[in-house]
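Below is one structure; the comments refer to it alone.
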Amino acid sequence: MSYNIALDGPAGAGKSTIAKRVASELKFIYVDTGAMYRAMALYMLNENVDLSDTKAIAEKCKSAEIEIRYTDGVQCVFLNGENVNDKIRTPRVSDAASKTSVVKEVRVILVKLQQELAAKTDVVMDGRDIGSKVLPNAQLKIYMTASSRVRAERRYKELTEKGEKCELDQIEAEIKERDERDMNREESPLVQAEDAILLDTSDMTIDEVVEKIISLKETN
Ligand code: DC
């Protein structure tokens, strides 16, 4: 049986950085489920679908072919045969993903893909509903969070390092808006699963968080 680590939490909590490191140390596969929702959102944007029209999204998502492949351990998301890794990290796609991921039909398609991956391999999977919905039987569940200011500072650093111009206050406001939407939607809202371990990373270094998760796995 495969070993599954579910890592949930709000935007900017550091999930992907941590999940990648933990996966690499444990020789597990890292599954970034947010990237799948982002690829789906990109598809809706490309197809000019009105993002306030849930019926249109529910219909259109059936024709999106989303696939995950690994090249040298790096997850690549393919949308209708094209590697879209470089196109899904923009603020426009972040916003669209938060809107399109509320649609049940979108979630049904992507959750199935996520469950198939986890059934056949040891994974560290990050997202919003992994411990509560996608992998309810995961052997280890972590709910990772940090204050909205700390999360905004991390995103700000990431974006400015890439040469993008941005405002810290605006990033924090966007993060709060996404939290609000992710936590209050009807379909699979972001919640801490009952059996998940809470990790507040506001005052922790990346190394400390990675070590903590690995020690939790060892003692689990
Ligand atoms: O983790 P991220 O920022 O790349 O996620 C992008 C959006 O996708 C986010 O607004 C919430 C949504 N998402 C989700 O609903 N369920 C998941 N398992 C992962 C992401």
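Indexing begins at 1, ligand by ligand and atom by atom, following the structure's order.
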With rounding to the nearest 0.5 angstrom, report the [atom1] to [atom2] distance, [X] to [Y].
X      : Y      : atom1 : atom2 : answer
Tyr37  : Arg107 : OH    : CZ    : 3.5 Å
Thr33  : Arg38  : OG1   : CZ    : 10.5 Å
Glu25  : Ile213 : CD    : CD1   : 10.5 Å
Gln75  : Asp32  : CD    : CG    : 5.0 Å
Met125 : Ile5   : CE    : CD1   : 11.5 Å

Any heavy atom of Arg107 under 4.0 Å from ligand 1? The part involved is side chain

Shortest protein heavy-atom distance from [atom], along with the residue and atom involved:
atom                    : answer
atom 9 (C) of ligand 1  : Arg128 NH2, 3.5 Å
atom 7 (C) of ligand 1  : Ala97 CB, 3.8 Å
atom 8 (O) of ligand 1  : Tyr37 CB, 3.5 Å
atom 19 (C) of ligand 1 : Thr33 OG1, 3.4 Å

Would you tell me whether Ser94 and Arg155 have side-chain atoms, one donor and one acceptor, within less than 3.5 Å of each other?
no

Is the shortest N/O to N/O distance between [X] and ligand 1 below 3.5 Å?
X      : value
Arg38  : yes
Asp126 : no
Asp129 : yes
Arg178 : yes

- [ ] May I ask whether Arg181 has any heavy atom positioned less than 4.0 angstrom from an atom of ligand 1?
- [x] no

| Would you call Arg185 a ligand 1 contact, heavy-atom distance under 4.0 Å? | yes

Check your understanding: Is it true that the NZ or CZ of Lys217 lies under 6.0 Å from the centre of Phe28's six-membered ring and within 45 degrees of the ring axis?
Key -> no

Of all the atoms in ligand 1, which lie at a distance below 4.0 Å from a heavy atom belonging to [X]?
X      : value
Asp182 : 9 (C), 10 (O), 11 (C)
Ser101 : 12 (C), 15 (O)
Ser98  : 10 (O)

Exactly one candidate in Arg185, Met183, Glu177 meets side chain to side chain contact (heavy atoms under 4.5 Å, CB included) with Arg181; the answer is Glu177

Q | Flag if over 12 foreign heavy atoms under 6.0 Å of CG, Leu168 | A | yes

